[in-house]
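To start, the structure itself, in structure tokens.
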Amino acid sequence: MREVAIIGVGCTRFTELWETSFRDLFVEAGLSAIEDAGVEGETIDALYIGNMSAGRFIEQEHLASLIADYAGLASINTPSTRVEAACASGGLALRQAVLAVASGHHNIVIAGGGEKMTDVGTGDATDVLSAAADREWEGIMGATFPGLYAMIARLHMHRYHTTSEQLAQVAVKNHYNATMNPRAQYQREITVENVLTSPIVADPLHLLDCSPITDGAAAVILAPGEIARKYTDTPVYIKATAQASSTISLHDRRDITTLDATVAAARRAFEMAGVTPDEIDIAEVHDCFTIAEILAIEDIGFFKKGEGGRATEEGLTAIGGKIPVNTSGGLKACGHPVGATGIKQAVEVTEQLRGEAGKRQVDGAEIGLTQNVGGSGGTAIIHILQR
Amino acid sequence: MREVAIIGVGCTRFTELWETSFRDLFVEAGLSAIEDAGVEGETIDALYIGNMSAGRFIEQEHLASLIADYAGLASINTPSTRVEAACASGGLALRQAVLAVASGHHNIVIAGGGEKMTDVGTGDATDVLSAAADREWEGIMGATFPGLYAMIARLHMHRYHTTSEQLAQVAVKNHYNATMNPRAQYQREITVENVLTSPIVADPLHLLDCSPITDGAAAVILAPGEIARKYTDTPVYIKATAQASSTISLHDRRDITTLDATVAAARRAFEMAGVTPDEIDIAEVHDCFTIAEILAIEDIGFFKKGEGGRATEEGLTAIGGKIPVNTSGGLKACGHPVGATGIKQAVEVTEQLRGEAGKRQVDGAEIGLTQNVGGSGGTAIIHILQR
Amino acid sequence: MTVPRFWRKLKHRYNLLGTHCTTCETYYYPPRKICPKCRRRGEIEPHRFKGEGKLLTYTIIQNPPEKITAHAPYVLGIVELDEGPRLTSQIICSPEEAEIGMRVRSVFRKIGEESAEGMIYYGTKFVKL
Amino acid sequence: MTVPRFWRKLKHRYNLLGTHCTTCETYYYPPRKICPKCRRRGEIEPHRFKGEGKLLTYTIIQNPPEKITAHAPYVLGIVELDEGPRLTSQIICSPEEAEIGMRVRSVFRKIGEESAEGMIYYGTKFVKL
Ligand SMILES: [Zn+2]
Ligand SMILES: [Zn+2]
């Protein structure tokens, strides 16, 4: 397996983009990435497209063909593959693209992800998202997606004395980071009090503990490591790609407060990259709810199980802290167009490692990690990137 | 890229399986394949799951996690990936699984495909399937899936003097083959007259020119070629895997009577395998409508453009003919559970190359081909298999 | 939710009918066709659960899914049955009464309805013991 | 079909408004943000088509999609506009009149409706010239 590098990145604004269609979102992100990399369409060997549920959001499947077509690659018959793992669809597209280059089967490959969520109403969107959990044994029983994470949060609070204030600190930090990210959906600060006084969605989670509904797309261009410098002076190398499954239902997990899929993927990724959690300078993790970021920083191994809330409260995950987490603003404040998220994480880390992250730049960042979760933890995808 | 072999196959009955759920279909097919290969669960490195639209058929996404879970692989965190390319989702799952083994990244990999279509009514099912075409510029304008293939058929008849009788011969042959396939949905013969007197769906296509709505799943187990004989005395080697895209809309194609995606994928596959169309002993092709089989046998290169209808009429594609096509009964008579089809094609060819196809066995078959199409031709996937 | 999907597992929803693997002595609910631990070596038989257990964790749902008729807010929890398996279920109690670790038992109740067809779905909920 | 998706391209549906790439002199309908031939080198400008062309192929739909209000059977065809691009459209003529190669021109008509909201969609169909 040969080395793989990111040679170009692109990302749309993340927000409610009423005027922009699904296909236009992808083309915009893909074109930015292609311009950033300076590659020609003819040199692109394959596309991998991450999307959760265009079948229900816009009644369209066969997305890989659609995107290849509108990107101008259908006339040269470029293979195009759509992958889906609920909220981890973007990370999965990146991983499959990395494997395609690492194997030597392809050279220049685009990994794109996106979701067009605002063409349906909020009630419908909520129902579409709950298809990431077990419809027959969770959804039908009355579970919502916030409800599942709320049950994790309550047990975490019970066992480890994690507080609602600590959860709120995740949102406060990520909103603050987003004020420095011109792509972010919410570029305004919030306070712990704002979170705690926002309406309760599923106790103990408040509205401001939850990521929003967002339109957006992101793309990265991959090349074999040995030729990456032909395209860019600042290649970012993929040192590890790892994927793990767990039960789709939360109730079937060994431990309700641990995402074993994250634990397994992290173990594989650190082994593949030959680094330890302490050596990571920056991480983008899957904070679909504030409790999810707490789980992530524990299950990846940045902090011991049960200490994620306190670490957040102490500022250890802020920019300037021990391990800056979600400098982009995360899913919480940058926004969460489901299929785009895993790719946007790689875009953010790439820009940080290149030193191009503007006001939110983490000084001297050399190694970064992305963690993308499907559903309540049935899938986890982790990548480790190095400049 | 190292050689890859199929070491086990499994397939459910293809029919309306009211009592069987989506997850149970997959587990049944996967378990048969695992038993056929004689592998242990722990040795399975990854799953690739092909499915078109469980999001709409059963309101469930995140299928890869669901299937890994119900197959008993979630507890060991086996990576599981769902891919989608409309009606070519199964072929795409096989291809991604082949690449994963060929690259050396994984050793034992399952490729599974399935669709549970009968949980919704026929009207809904038709609407779900039309998401394989361009919803905004075909579907909204009044196009149905049979309508798109009907427009191909009319132009083919106009240009090449293909007749309705010749189209009907495809259905007659495939129904005859299905009488010898215990898995097939329709195990009864039909006549040209039956086809021509069946109701018109989209002129010139009759009801019996169309494949049915079906529940079913299929799976194959892949291993590196060098260790395949540890598991089976009759490995079947994947000599080529190829994938190509074209425009999602029929109207945007260079030629409305040619699937350029099939042409490109076939060219790549024959080059990779180092064989010519004349050397293929048996083929499973994508006959979602009778005209689609005519296109396939022309675009793959078995017959010249325009001569597919006559070749069928002359029996050249029957068992015992020049190139037996769709010995399983094809999509038309064996049934078409969308995501399962591409995998079922590989199951059929594997059984033929092993000499285990019972009454429908093609004597001395050594090299087989599968062709799986997404939508009206936006994606084509071709594999060449050799015993 | 489509009607066939619900009815297919109806007897399991009504009666807490799951499965038991005699190879490894593990109980499963919902029913499994193969034992995730033993896979091919597992021997699966149907098993009807007694319906008693304890509440592992819970939430109070303020915004229910459209097809769930329970009046929000309602308590949703993960119950661990005494035989071992866990399931997600509505808990019939006030938000203040719910407590991690409390003993519960199953009851037969309406759990939702399909507005278009007017179908009503019955199944299992849990009450405080 | 969701309402926003339809209305987003409304002016293009009403007026046969597509795009023209001045680099390669190719015309596109529906509109494209980038020219599939020239990609980054393409220069895209809006273009309103005259609305005349010929029928490349057609079918007679007996089972229409649920949201299409045209009374079945109706003629559906692929039209090649004189400027080059092709599109799928309903053709207003009897099944017997339709013929491959016949000249057609665009007209403004109702093309469908969303039963739940009662929305009515207008757009382009074609008639025999
Ligand atoms: Zn067991
Ligand atoms: Zn151009």
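In what follows, chains are A, B, ... by sequence order, proteins preceding strands, each numbered from 1. Below, all heavy atoms of this structure are taken into account, side chains as well, without hydrogens, waters or symmetry copies.
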Chain A: which of C:Leu56, C:Leu87, C:Thr57 shares the most heavy-atom pairs with it under 4.5 Å? C:Thr57
Counting heavy-atom pairs under 4.5 Å to chain A, which of C:Ile61, C:Thr88, C:Asn63 comes out on top? C:Thr88
Distance-only polar pair, side chains of [X] and [Y], donor-acceptor under 3.5 Å:
X: A:Glu84; Y: A:Asn51; answer: no
X: A:Gln166; Y: A:Glu313; answer: yes
X: A:Glu293; Y: A:Asn174; answer: yes
X: C:His47; Y: C:Thr19; answer: no

Among A:Thr341, A:Asp287, A:Thr214, exactly one meets side chain to side chain donor-acceptor pair (under 3.5 Å) together with A:His336. Which residue is that? A:Thr341
Cation-pi check, A:Arg154 onto C:Tyr58 ring (under 6.0 Å, within 45° of axis): yes
Give a yes or no answer on whether the side chain of C:Thr124 reaches the backbone of C:Arg13 with a donor-acceptor pair at less than 3.5 Å. yes
How are the rings of C:His20 and C:Tyr27 set relative to one another: parallel (under 30°), tilted (30 to 60°) or perpendicular (over 60°)? parallel
Closest non-hydrogen contact found for A:Gly216 with A:Ala340 is O-CB, 3.7 Å
Note: A:Ser130 and A:Phe145 closest approach over all heavy atoms is CA-CD1, 4.4 Å
Pull out the residues in residues 252-268 of chain A that come under 4.5 Å of chain C, heavy atom to heavy atom, sorted by number. A:Asp252, A:Arg253, A:Arg254, A:Ile256
Under 4.5 Å, heavy atom to heavy atom, which residues of residues 372-382 of chain A contact chain C? none
Among A:Val201, A:Thr144, A:Leu250, the residue with the most heavy-atom pairs under 4.5 Å to chain C is A:Val201
Run the ring-centre check on C:Tyr122 versus C:Tyr14 and record whether the distance is less than 6.0 Å. no
